[in-house]
Amino acid sequence: MDSEQRNTNTVNRILILIAMVLGAIIGVMSASHFYTQKEYASLNEKIGNVLTLVQDNYVDTVDIDSVGDRMIAAILSELDPHCTYLSARDAERTEELMRGNFEGVGIVLHREGDTTFIGQILDDGPSSASGLLPGDFIWAVDGVQVTGMPADSVVARLRGPSRSKVKITIKRKLSTKTVTIRRGLVLHKTVMYSDMIDRTTGYILLSSFSSTSHEEFHNALSLLLYKGMKNLILDLRGNGGGSLESAVGIANEFLPKGSLIVYTQGAHQSREDVIARAGGLFTEGKLTVLVDESSASASEVVSGALQDNDRATIIGRRTFGKGLVQREFHLQDGSSVLLTVARYYTPSGRCIQRPYDQGTDEYYRDYLEQLMEESYADNPTLHVTDSTPYRTVGGRVVYGGGGIFPDQLIPYHKDPSFVYYNKLSSHGILTRAAFEQVRLHAEELLKHYPSLDLFCNHYSVSNSLLEHVVDLGEKADVPFDKASFEVQRRLISTIIKAYIAESLYGQQAFYRIFLTEDEDVKQARKMQ
């Protein structure tokens, strides 16, 4: 095949992909504009001419497939900040997160440089009875040495169809061991932690909204009620959203029948109201919702519904402000397009979405500026972009213009003693020190503390380990701050203990320990 024919074929493949994307976009826009075959052909021809010019004349060799992907992403970015093109691999990963499960061996990996360790073995997963331990160094998978491989490549070798087998060779201290594991379905749990935090107060931490989140949440809520819960703290901090269906189901657990939860509307979509059904488990008890600047989308649907119905007190900091409804359009090569088709509105009529009319760069720049301003403010309505007052069911004034403003603000922590702690954390010193303990002493720790209760009640971080943390910090250009260290010694010790517990006993162990020092949760309990 000559060069001209190869160029033509490559450009044609890109044109087909772009045509599918344009078809998805045009399909949504067609209600307001009819594209004739002539207009469509002209647009395709123009794109093809540009790609041919690049292929034949550009100064450097070009990966035209990559150019095509970036071109599609550029087309979508002109619409709004959340229209997205997903490659086939990214689309598959997104589907796994939304589905709430994947097929694999049930191991959480821990990377140090180009070396892969077992960071955690998931309860009830395919590896739970394999004899593998957190801290084991993964040497080979199916006889192929994986040292030096990128993390994605190691994950790809461990993944595979359910019921298929994989051989994992590990090194533990001076011994080498190979185990065979039959792959299975691994659950991606979104209720990260739930328990009673005092005699009458329950706590649920939800990390995202997948298709299984409502069921997980319902089960956790039922158990807390069985334990005698009268008050609940729902923690949505850092929850970037996900499934609207799960968000609606969770909001429904708190609202009486007939309450408006959310409505959606767009230029080509008429208003659709979502109304609470009968049967919510917790429609009367005291409810507090924790949010922050990373709570977005479905998190804002839930917090907005509960705030506008005067069902909960929203505590924390202003949420992100993502109120655009995306519909996924699947393309023939496995990739997909997330295209905005409507906006979310809270029951009072507030639009959750922050303005984006100045373009994507300005959209995120404005968000960062907002965070900087609010970090120095004690006013929860700072940076309001829409001064229109909206009214809750009970007549309270709330504001729109992007994000959910808390009823009670928890300002950023401004104690200067946190600076040293934050540097240790951001440089990965605390996780590194904790994992060193797991890597060197997992067997002994699990033998000495066979249950999480025993670990929580009796394990303490030694002075020598804290001194090691200081040494690791100095080697990473984090100078020792003795005064700050002494103020935050308890917090540093608690975080290290929580990381060790997470590796040995699972993610719930981390939060059980960490919540004892979580200042936001402490304030939420005081504000109840």
Side-chain angles (χ1 to χ4, degrees), residues 81 192-193 203-209 232-242 247 251 287-308 310-323 344 346 348 350-356 363-387 390 392 396-419 421-422 425-426 491 511 514-515 517-528:
M192 304 293 283
Y193 182 74
Y203 172 89
I204 299 178
L205 170 62
L206 189 70
S207 64
S208 63
F209 291 83
L232 174 66
I233 296 174
L234 170 58
D235 194 342
L236 297 178
R237 291 175 299 170
N239 186 321
L287 177 61
T288 300
V289 180
L290 267 173
V291 297
D292 66 9
E293 57 282 344
S294 298
S295 305
S297 190
S299 291
E300 295 170 304
V301 168
V302 172
S303 54
L306 298 177
Q307 186 179 54
D308 282 5
D310 291 308
R311 176 62 190 91
T313 302
I314 311 301
I315 294 178
R317 294 178 289 278
R318 178 186 176 183
T319 61
F320 180 84
K322 181 186 181 297
Y344 295 118
T346 70
S348 67
R350 291 181 290 167
C351 178
I352 296 172
Q353 180 62 42
R354 289 187 297 112
Y356 55 85
Y363 176 76
Y364 288 107
R365 184 180 297 111
D366 177 74
Y367 172 66
L368 294 175
E369 290 175 356
Q370 168 200 317
L371 295 184
M372 290 296 294
E373 290 181 24
E374 292 181 355
S375 67
Y376 293 100
D378 296 318
N379 179 7
T381 58
L382 180 75
H383 213 77
V384 171
T385 55
D386 180 0
S387 59
Y390 295 84
T392 68
R396 293 187 302 118
V397 174
V398 288
Y399 292 96
I404 301 298
F405 292 90
D407 300 309
Q408 297 185 40
L409 177 71
I410 297 180
Y412 290 90
H413 305 298
K414 301 170 186 175
D415 186 336
S417 69
F418 279 105
V419 172
Y421 163 79
N422 288 335
S425 181
S426 63
L491 175 59
Y511 294 103
F514 172 68
L515 285 178
E517 296 297 321
D518 190 321
E519 291 297 327
D520 288 357
V521 173
K522 288 180 182 179
Q523 291 197 48
R525 293 175 68 180
K526 290 178 182 177
M527 293 177 178
Q528 278 193 320

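Using a 4.5 Å heavy-atom cutoff, the side chains of Leu290 and Ile410 are in contact. Here the side chains of Glu300 and Tyr344 are not in contact, with every heavy-atom distance at 4.5 Å or above. Considering only heavy atoms from C-beta on, Gln353 comes within 4.5 Å of Lys322 through its side chain.
Exactly one of Asp308, Leu306, Thr392, Val301 qualifies for a side-chain contact (heavy atoms from CB on, under 4.5 Å) with Thr346. That residue is Asp308.
Atom CG of residue Asp520 and atom CG of residue Leu515 lie 11.0 Å apart, to the nearest 0.5 angstrom.
Looking at residues two or more places apart in sequence or on another chain, you find no salt bridge (charged side-chain N to carboxylate O under 4.0 Å, His left out) involving Asp292. Under the salt bridge (charged side-chain N to carboxylate O under 4.0 Å, His left out) criterion, Asp415 pairs with no residue, sequence neighbours left out. With sequence neighbours excluded, the residues that form a side-chain hydrogen bond (donor to acceptor under 3.5 Å, both in side chains) with Tyr203 are Asp235. For Glu517, the side chain to side chain contact (heavy atoms under 4.5 Å, CB included) partners at least two apart in sequence or on another chain are Arg490, Leu491, Thr494, Lys522. Applying the side-chain hydrogen bond (donor to acceptor under 3.5 Å, both in side chains) test to Arg396 and every residue at least two apart in sequence or in another chain returns Asp310, Asp407. Taking the side-chain hydrogen bond (donor to acceptor under 3.5 Å, both in side chains) definition, one finds that Gln523 meets it with nothing, sequence neighbours left out. Here Phe514 pairs with Phe510 under the ring pair (Phe, Tyr, Trp, His ring centres under 6.0 Å) rule; sequence neighbours left out. For the ring pair (Phe, Tyr, Trp, His ring centres under 6.0 Å) test, residues two or more places apart in sequence or in another chain that qualify with Phe320 are Tyr367. Scored by the ring pair (Phe, Tyr, Trp, His ring centres under 6.0 Å) test, Tyr363 finds His82 as partners (sequence neighbours excluded). Under the rule for a side-chain hydrogen bond (donor to acceptor under 3.5 Å, both in side chains), the partners of Thr288 that lie at least two apart in sequence or sit in another chain are Gln528. Arg311 meets the salt bridge (charged side-chain N to carboxylate O under 4.0 Å, His left out) test with no other residue; sequence neighbours excluded.
Side chain of Ser295 to main chain of Leu236: a donor-acceptor pair is present (N/O by atom type, distance under 3.5 Å, no hydrogens or angles). Of the possible donor and acceptor atoms, one in the side chain of Ser426 sits under 3.5 Å from a partner among the backbone N and O of Asn422. Under a 3.5 Å cut-off, the side chain of Arg237 and the backbone N or O of Arg317 do not form any donor-acceptor pair.
When all heavy atoms of Gln307 and Phe405 are compared, the closest pair comes out as NE2-O, 2.9 Å. The two atoms that bring Ser303 and Val289 nearest to each other are CB-CG1, 4.4 Å, heavy atoms only. Residues Asn239 and Ser299 come closest through the heavy atom pair O-OG, 2.9 Å.
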